[in-house]
Every structure is written in structure tokens, then in C-alpha cells.
Amino acid sequence: MGHTATAQAGSGGLTATEHRLANGLRVILSEDHLTPVAAVCLWYDVGSRHEVKGRTGLAHLFEHLMFQGSAQVKGNGHFELVQGAGGSLNGTTSFERTNYFETMPAHQLELALWLEADRMGSLLTALDDESMENQRDVVKNERRQRYDNVPYGTAFEKLTALMYPEGHPYHHTPIGSMADLDAATLEDARAFFRTYYAPNNAVLSIVGDIDPEQTLAWVEKYFGSIPSHDGKQPPRDGSLPDVIGGELREVVEEEVPARALMAAYRLPSDGTREADAADLALTVLGGGESSRLHNRLVRRDQTAVAAGFGLLRLAGAPSLGWLDVKTSGGVEVPAIEAAVDEELARFAAEGPTAEEMERAQAQLEREWLDRLGTVAGRADELCRYAVLFGDPQLALSAVGRVLEVTAEEVQAVAKARLRPDNRAVLVYEPTAASDDAAADAVAAADVREGAQENDEQEGADQ
């Protein structure tokens, strides 16, 4: 059963149709014949928010196990077959989902579908102690390299733990703890697969130079016989009050290149008009070199080498506004914090100018069009809106919704949420001197990308 491919308002003519197999698998197709490539994206409705205490990191660990072979594909064969056919692939895990994706030459689409179906239907036949131990070590090493042994590496983990209270499903990040990774058993992994890796808990999107009728026939052929599973429990409630009600603060003394002020603000959940308004507010305040915080701290005061503010959108909990400022020279954090608070208070009182609104909306519009303009990006967004909001068509009209937000709405969300009593603050104080070059290298990281990378633990590629 499919939906009519009607272009959504503001979609630029892009269309998508939705179909559902008897076993519950939702399939979304979007034709794009500009280039002879096709993207396959498979979202499973499972992320770190579904994990229980003592077994954190299991969703991310399982992402790695999905590349360890299945009934017909041994060892590293998934990578070898896709790359040998001229394609690219990977998988990521977030708080709210785990996804797998391939971009293939169009004539190799059937191969990608067969590979995804084979591991969805038969991974348990290949999952053994050897692959479990192998990937447990890989994930632990990833944690060391990306979190524990790099400057500011655990900042996002620390702020998440402050922002979302103990017992909250978003209290821990997808990477998990070393202790819990050590504690995970083979039977834990098998039970996890049986519960979450079922067709009725997944959305498959296929975008690009495709023949819809042939593509659906392949999907039915390879996925149609995989049985559904009804044992999944819904994630725990992630709702919280709009405002924390008091500032949370932690001082971290580590060997970092420079002092840093990082903060997380509790913002509206994704999928709402208020979240779009918050995204625009943070773009005006900290989205690039034309933003207010960059102009104030880096250009005018010269108290910071980098300053940014980005939004980590979350659907099942309040979103997180991520502030990241690296200080310049011997500047103390209180001076930076006072300037930040002054700029946020001024913005809440006055709102954005017409020029700032136009620039911020153009910036977000460009980012959206960049995502929808590639077959892989569009496939991912179609899956995201289907899994998190129930309607893939919303992906095609997202740009229009951002452009409809008014300056008054942007000011309102800033006034209500960007307050000292609605944030968790992390202050980094160096324990050892470091050279300016190291400080500049660390500070050059883009804040918006940093928040996303902390949300999505990419580590399957080998």
C-alpha cells in the first residue's frame, strides 16, 4: 500500500511515497534521476534512551556487531562487497535511533538491499563470542580515542549527565561506560537483537535513480519473509519541566590547551515550531563568524579564540543548546561568562534584527537544502521523520517551516529559555601550560558539528 507522490509545499518539487510490508516494515521511495546513484538508509527505532542501567552502550556496541557478518556474509564481507561495487557505507548510533546506510551506483541497488535484509534476518546465526569480544574492544578503544584521551573529550558526557537527572533515559550518552561495556554478555546482545532488530521496528528509505516498481519487488523479495517481533517496550518518559529552575555547575581541572566555558541550555523538543525558533536564536547568537558571540568575544573583546552556540535536536526529551567558548591567552572564565550573559540578556530584551533573521533563516535553509539535495541526506531525513514523528513527508517541508518563524517567536524562546537558571555549566581549568598552537587547533572545531558528533557515535567503518 503506497501514498501518492505529491510534492509538499516548500519541498522544491521533491516527492516521496510510503509503502508497508505485511511484516510491518515501512518503506519510503524517492526518485531522483539526476545522477546514476541510489542511497539505502535503514533506521531502527532503538538508541541509548532504550537502554537500562548497567547496560549502557549496548545500542552502539550492537551497531558494530551488525558489521561482523551474517548467514550469507562472513566477517568483514559487508564492507568488502559494498566497497567492491563502488559504494560507501557506515552506521551510527544516537540517543534515539540506530541507522545503517549505503550509497551505491544505481545498478548495484539490489546488492545493498540484499545485504541489509541478510543481517536483519540472520545476524544471530553469525553472532558469537569471538565477534562480541572483538567489537567490545573496538568500542572501548573508540571511547579512549574520542572521549577519555582527548582535550575536552568528556565535556558532552558530563553536561548530559548534569542536564538530564539520574534515571532519565538521556542521562547517559550512546558511547556508554567502560564498566557497562565489560559487563555486556553475548546473551545480552542476542536479546537486544531479537527485541529491536525486527522489520516492524524499522524504516527503510531508498532514494535516487530507481525504478519504484522494481525496487519494491526487491524489498518484498528480500525483507518480506523476515518475521516481526512484538517484545519491544516503549522508551521511558523523557519529558522534563521547561526550565531547570537553577544553574548546575561543575569545574573540571584537566590537561587542556586553554580555559573553556561550556554550557547546555534546556530547549524545546524537536518537531515543534518552538524548536525551529530556538535553532534560529542560537544561529544568530553563535552560528558562525557573523554571530553575536563571535563578534563580541573573538573580534571585539579578543577574550576568546572561538565561540559558538548550536542546537542538538531531541524528539523524546528537551533539546540541548550547546555553548562552547575557548578562552584566549590568560583570560579568566568569569569574564567570558559575564559577556555571554550580557549578550543573551540583550538578545532576550531586544530580539533579533531583521538582518539577523534573514541571515539566520538563509543559513538554516542552506543547511536543510544541502541535506535534502543529496540522495544520502534525503534518505536519512525521510527515515528520521518517519521514525521520530510518524510522517516522512515532513522532511520535505522542513525548510518552509523554518522560514515561517517570526522574530517575535525567536525572541520569546530566548527570553523563556536562555537564562542562567536553565543551564548546566562546565568550566575547564588547565592543570598544565600548553602552547598557543594547540589551543588554536582545539578551538577551531565547529560547535554545531561537535554537538552532532557527540550525539552520533560513528565507529562501524573499519
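Note that the structure is predicted; figures quoted are calculated from it, not measured.
In this structure, CG on L282 lies 13.0 Å from CH2 on W322, to the nearest 0.5 angstrom. Considering OG of S70 and CG of L65, their distance stands at 12.5 Å, rounded to 0.5 Å. Taking CD from Q361 and CG from D279, the interatomic distance works out to 11.0 Å, rounded to the nearest 0.5 Å. Within the model, atoms CD1 of I226 and OG of S122 stand 8.0 Å from one another, a figure rounded to the nearest 0.5 Å. In this structure, NE2 in H78 is found 8.5 Å from CE in M66, a value given to the nearest 0.5 Å. Note that the NZ atom of K140 and the CZ atom of R144 stand 5.5 Å from one another [nearest 0.5 Å].
Side-chain atoms of Y44 and V203, non-hydrogen and from C-beta on, never get closer than 4.5 Å to each other. Counting heavy atoms from C-beta outward, L396 and L382 have side chains that approach closer than 4.5 Å. In this structure the side chain of L204 reaches within 4.5 angstrom of the side chain of I206, judged on heavy atoms. R423 has its side chain out of reach of L323: every pair of non-hydrogen atoms, C-beta onward, lies at least 4.5 Å apart. Looking only at side-chain heavy atoms (C-beta outward), M357 and V284 stay at 4.5 Å or farther from each other. Side chains of V425 and L261 form a contact here, defined as non-hydrogen atoms less than 4.5 Å apart. Side-chain contact between D148 and M178 is present, with at least one heavy-atom pair separated by less than 4.5 Å. Two residues are said to be in side-chain contact when any heavy atoms from C-beta on lie closer than 4.5 Å; L89 and Q83 meet this criterion.
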ask   = Where do H172 and S177 land on the side chain to side chain contact (heavy atoms under 4.5 Å, CB included) test, with the steps shown first?
value = CA-CA 9 Å; H172 69 277; S177 72; over 6 Å; no

key: side chain to side chain contact (heavy atoms under 4.5 Å, CB included) assessment of E142 paired with H64   = CA-CA 11 Å; E142 180 182 337; H64 285 254; 3.3 Å; yes

query = What's the verdict on side chain to side chain contact (heavy atoms under 4.5 Å, CB included) for N99 and W43, showing C-alpha distance, side-chain angles and the deciding distance?
reply = CA-CA 4 Å; N99 69 347; W43 271 46; 3.3 Å; yes

ask   = Should L285 and S291 be marked as a side chain to side chain contact (heavy atoms under 4.5 Å, CB included) after you check the CA-CA gap, both sets of side-chain angles, and the distance that decides it?
value = CA-CA 5 Å; L285 288 164; S291 67; 5.9 Å; no

query = Please walk me through it: do Y197 and F62 pass ring-ring contact (aromatic ring centres under 6.0 Å, His included)?
reply = CA-CA 10 Å; Y197 279 74; F62 208 89; 4.9 Å; yes

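Judged purely by atom type and a 3.5 angstrom limit, R55 has no side-chain atom pairing as donor or acceptor with the backbone of D188. Using a distance-only test at 3.5 Å, with no hydrogens or angles considered, no donor-acceptor pair links the side chain of S397 to the main chain of G400. For N200 (side chain) and H229 (main-chain N/O), a donor-acceptor pair under 3.5 Å exists by modelled atom type. With hydrogens and angles disregarded, no donor-acceptor distance shorter than 3.5 Å links the side chain of E116 to the backbone of L42. Distance alone, capped at 3.5 Å, places no donor-acceptor pair between the E102 side chain and the A112 backbone. A donor-acceptor contact shorter than 3.5 Å is absent between the side chain of R259 and the backbone of P430. S269 contributes a side-chain N or O that, together with a main-chain N or O of A317, makes up a donor-acceptor pair within less than 3.5 Å. A donor-acceptor pair under 3.5 Å links the side-chain atoms of R136 to the main chain of L181, judged by distance alone. Here the side chain of E96 pairs a donor or acceptor atom with the backbone of G316 at under 3.5 angstrom. Listed for the N201 side chain is no donor-acceptor partner under 3.5 Å among the backbone atoms of T195.
In this structure, a donor-acceptor pair under 3.5 Å is present between the side chains of S131 and D128. Under the 3.5 Å distance criterion, with hydrogens and angles disregarded, a donor-acceptor pair is assigned to the side chains of R97 and T92. In this structure, a donor-acceptor pair under 3.5 Å is absent between the side chains of Q363 and T283.
The pair R384-E381 meets the salt-bridge criterion, since a charged nitrogen lies less than 4.0 angstrom from a carboxylate oxygen. Under a 4.0 Å N-O distance rule, the pair R313/D276 qualifies as a salt bridge.
Tested against M104 for a side chain to side chain contact (heavy atoms under 4.5 Å, CB included), the candidates L111, V40, L113, V37 yield a single pass: L111.
Remark: E31 engages H33, I210, P212 in a side-chain contact (heavy atoms from CB on, under 4.5 Å) (not counting sequence neighbours). Applying the salt bridge (charged side-chain N to carboxylate O under 4.0 Å, His left out) criterion to R378, with sequence neighbours excluded, gives D32. Under the rule for a side-chain contact (heavy atoms from CB on, under 4.5 Å), the partners of A260 that lie at least two apart in sequence or sit in another chain are Y152, M262, K326, Y428. Every side-chain contact (heavy atoms from CB on, under 4.5 Å) that Q72 has, sequence neighbours left out, goes to W114, D118.
Smallest separation of non-hydrogen atoms from E157 and G176: OE2-O, 4.2 Å. Taking both residues in full, the closest heavy atoms of F389 and G271 are given as CE2-CA, 3.6 Å, listed atom of the first, atom of the second, then distance. A189 and M132 get closest at one heavy-atom pair: CB-SD, 4.0 Å. Minimum heavy-atom separation, S319 to L312: CB-O, 3.3 Å. A16 and I28 get closest at one heavy-atom pair: CB-CG2, 4.0 Å. Here the shortest heavy-atom pairing between G57 and E51 reads N-OE1, 3.0 Å.
For E250, the CD atom sits in a packed shell: over 12 heavy atoms of surrounding residues, nucleotides or ligands are nearer than 6.0 Å.
Each salt bridge (charged side-chain N to carboxylate O under 4.0 Å, His left out) pair with one or both residues in residues 190-205, not counting sequence neighbours, appears once here: E187-R194.
By the 6.0 Å and 45° rule, R119 stacks over the aromatic ring of F67.
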Could you go through residues 158-167 and list every donor-acceptor pair under 3.5 Å that involves a side-chain atom there, pairing it with any protein atom two or more places apart or in another chain?
residue	atom	partner	partner atom	Å
T160	OG1	F156	O	2.8
Y164	OH	P318	O	2.7
E166	OE1	H171	NE2	3.3

